[in-house]
Amino acid sequence: MPTLRLHDTLTREVRELAPLDGKTLRFYCCGPTVYGPAHIGNFRTFVLQDVFRRTAELSGMATLHVRNITDVDDKTIRDSQAQGLTLEEFTNYWSDRFHTDCARLNLLPPHHEPSAIDHIPQQIALIEQLIEKGHAYQSEDGSVYFNVPSFPGYGCLSHLDTRELRTGASGAVDSDEYDKDSVADFALWKARKTEDGANWWPSPWGEGRPGWHLECSAMCRQYLGDTFDLHSGGIDLIFPHHENEIAQSVASSGQPFAAHWFHIAHLMVDGGKMSKSLGNLHTLDDLETHGHSPMETRYALVSGHYRQPLNFTFQSLSDARKAMEKLSKAEQFLREQLGQPLAPSYEDLLGLEDRGIFEPAFLALSQDLNTPDALGKTFSALRGLKSGTAPGDIRRDWLGLHAVLSALGLILPEPEAASDVPAEVLALAEQRWQAKQAKNWAEADACRARVTELGWIIKDGKDGYEVSKS
RNA sequence: GGCGGGAUAGCCAAGUGGUAAGGCCGAGGUCUGCAAAACCUCUAUCGCGGGUUCGAUUCCCGCUCCCGCCUCCA
């Protein structure tokens, strides 16, 4: 079993990852806040987490994957009310949409997908523990805050000295929060406000709702225990979200929290930050409107290393299509050598011992999830295969290729089905073929021209032809 | 101001103390009545200036520029 090595944000080094309990790799990924369609930047994170899980599983490890749904916060409350929906109706709609997009991107569903609202009691229990241990306090209005100065390790993940955490450092001050003892303190429980509408819950501190950071700490504990293998999210979550999670969890349990931290760098669009005002917050639907499939998007998202900002362009989607067609041709070549077997299932590939000429590509994934290197090594192996310089076991190599593709989660395009070609086009193509056999070039060319006009392309093979959409 | 990540061919993007993977695009070739596909070949000395070294794109220092975080953003 190849060892899995991954960069750890906490220690800032690439470290080997092995299940703490010797059996199952348990990890938590911060999920979406469901108040609108997720954009491809969000999906970069989820796709890379998926590649991580697949690589672990294909290496022979068992996994336990938890990813939450944040279904209560300022934005979900605000937007649900604006649309005259209950919070549940609103978040259910966007959760469903999120799941649809995940499926289109071939993301493995997490083993557990807990939501904040479904875990209010666990969150309240966590706050009670924190207050009991002197790490939290109640303010005048009934909100509860975490007492940051009471937790010496605060800032260890983001390497931000707590002295530097001063309000207004970035130019925007929330002068609303007078109740905090220290500017670094953050809300565990937010007292009910009129604008929250029906969205409040009873608690020992009065009516209100949980703070954002709290849900993850509570649900990590619920599904993975106090200490588990890995915690992941976008790079922007390092501070303050993950820093706060560590504070809440460690201060309440007295145990180590996540053993390893996995953060994914941001996606850029056309060299700059994505933003609504620039109109470059692409969703899967947007891209499909432009004729780019979710798989092309997935390929584009894994074409850069997860620790580097990735520049996303429409050109990268076109490149992805071409690259996948190339992979598909090679896969068909191997399949034909084997006499048209069915593609192996994901389960068939788990813990595969010998990946043949694709072993280096798979190894690249095991080495800090180097997806671009894995793709490069895959194409390099392909070249050797086709030029016959890599003699070997075809079946072994075919399975090896599928292991790499499965780890990346790529589903290759199938050759165009002939069935949806219009009868008229089919007839013209056949007529042309007959003319060609008779060496009647003028008629053959006329037929080709006509077919082209209709938006189709004829490609001749050795003993026949294929028609495809132009 | 603090912390962090970058700068590699037309575009995207790996990597290494010993003269730089891969994909896309482009050029040439084999093949082909045409067209396409397929296959082969070709295209960079790695932001700037110093230093260490037999040798640096890779290590160190300085500089320029870019980006992110420091506020409930993946």
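Letters A, B, ... mirror the listed sequences (proteins, then strands); counts begin at 1.
- Side chain of A:F239, nearest nucleotide from B:A74, B:C70, B:C73: B:C70.
- Rounded to an integer number of Å, the gap from A:F43 CZ to B:C73 C1' is 15 Å.
- Spacing of P atoms, B:G28 relative to B:C67, comes out at 39 Å, to the nearest Å.
- Under the 4.0 Å criterion applied to side-chain N and carboxylate O atoms, A:R450 and A:E453 are assigned as salt-bridge partners.
- The separation of B:C73 from B:C65, taken at their P atoms, amounts to 30 Å, rounded to a whole angstrom.
- Residue A:H305 is classed as a sugar-phosphate contact, given heavy-atom separations below 4.0 Å to backbone atoms only.
- A:Q138 is linked by a side-chain hydrogen bond (donor to acceptor under 3.5 Å, both in side chains) to nothing, counting only residues two or more places apart in sequence or in another chain.
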- Item | Secondary-structure string, 5' to 3', Watson-Crick or G-U under 3.5 Å, | for another-strand partners, for RNA chain B | (((((((..(((.....[...))).(((((.......)))))....(((((..]....))))))))))))....

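- Taking the six-membered ring where the residue is Trp, the centroids of A:Y137 and A:F146 are separated by 6.0 Å or more.
- Closest to the side chain of A:K329, out of B:A38, B:A74, B:A21, is B:A38.
- For the pair A:K436 and B:G33, the criterion of a side-chain N or O lying under 4.0 Å from OP1 or OP2 is not met.
- A:L410 places its CG atom 13 Å from the C1' atom of B:G23, with the value rounded to the nearest Å.
- Out of B:A14, B:A13, B:C69, the shortest distance to the side chain of A:N311 is found at B:A13.
- Residue-to-nucleotide contacts include no donor-acceptor pair under 3.5 Å from the side chain of A:R383 to the base of B:G23.
- When distances are taken from the side chain of A:H39 to each of B:A14, B:A74, B:C67, the shortest belongs to B:A74.
- Listed by residue number, A:Q315, A:D319, A:K322, A:A323 are the residues of residues 312-324 of chain A with a heavy-atom contact under 4.0 Å to RNA chain B.
- Across the protein-nucleic acid pair, A:H263 atom NE2 and B:G68 atom P stand 18 Å apart, rounded to whole Å.
- Distance NE2 (A:H266) to P (B:A74): 8 Å, rounded to an integer number of Å.
- Shown here are the side chain to side chain contact (heavy atoms under 4.5 Å, CB included) partners of A:D285, two or more places apart in sequence or in another chain: A:R97, A:R104, A:T283.
- In this structure, A:N244 reaches neither bases nor backbone, as no heavy-atom distance under 4.0 Å exists between it and the strands shown.
- Taking atom C1' on both B:G29 and B:U43, the two are 16 Å apart, rounded to the nearest angstrom.
- Per the stacking criterion (ring centres < 5.5 Å, plane angle < 30°), A:W441 stacks onto the base of B:G33.
- Pairs passing the salt bridge (charged side-chain N to carboxylate O under 4.0 Å, His left out) check and including a residue from residues 230-250 of chain A, sequence neighbours excluded, do not occur.
- No donor-acceptor pair under 3.5 Å is formed between the side chain of A:D8 and the backbone N or O of A:E13.
- Computed from coordinates, the A:K326 NZ to B:C40 P distance equals 8 Å when rounded to whole Å.
- Distances from the side chain of A:F379 to the nucleotides B:G5, B:G23, B:C34 place B:G23 closest.
- Comparing B:U30 with B:G22, their C1' atoms are spaced 24 Å from each other, to the whole Å.
- Between B:C39 and B:G23, the distance separating the two P atoms is 10 Å to the nearest Å.
- If you check every strand for non-hydrogen atoms under 4.0 Å, A:I238 touches nothing.
- By the 6.0 Å and 45° rule, A:R67 stacks over the aromatic ring of A:F46.
- The ring pair (Phe, Tyr, Trp, His ring centres under 6.0 Å) test applied to A:H65 returns A:F27, not counting sequence neighbours.
- Remark: A:Q337 CD is packed, more than 12 non-hydrogen atoms of other residues, nucleotides or ligands lying under 6.0 Å away.
- Of the listed nucleotides (B:C34, B:A14, B:A74), B:C34 has the atom at the smallest distance from the side chain of A:R448.
- For the pair A:L408 CG and B:G22 P, the interatomic distance rounds to 18 Å; values are reported in whole Å.
- At a threshold of 4.0 angstrom between heavy atoms, the contacts of A:L237 are confined to the sugar-phosphate backbone, with no base atom among them.
- In this structure, A:K75 reaches the sugar-phosphate backbone alone: every heavy-atom distance under 4.0 Å involves primed, P, OP1 or OP2 atoms, never a base.
- In the interface, the side chain of A:D445 is paired with the base of B:G33 through a donor and an acceptor atom under 3.5 Å apart.
- In this structure, of B:C34, B:G5, B:A13, it is B:G5 that holds the atom nearest to the side chain of A:Q308.
- As a whole-Å value, the separation of A:L375 CG from B:G15 P is 13 Å.
- Of the candidates B:G33, B:C69, B:A14, B:A14 carries the atom nearest the A:N370 side chain, counting heavy atoms from C-beta on.
- Formation of a donor-acceptor pair under 3.5 Å by the A:T55 side chain with backbone atoms of A:A407 is not found in this model.
- Using C1' as the reference atom, B:U8 and B:G2 are 30 Å apart when rounded to the nearest Å.
- The two atoms that bring A:S249 and A:F257 nearest to each other are OG-CE1, 3.1 Å, heavy atoms only.
- Taking atom P in both B:C42 and B:G1, one finds a spacing of 49 Å when rounded to whole Å.
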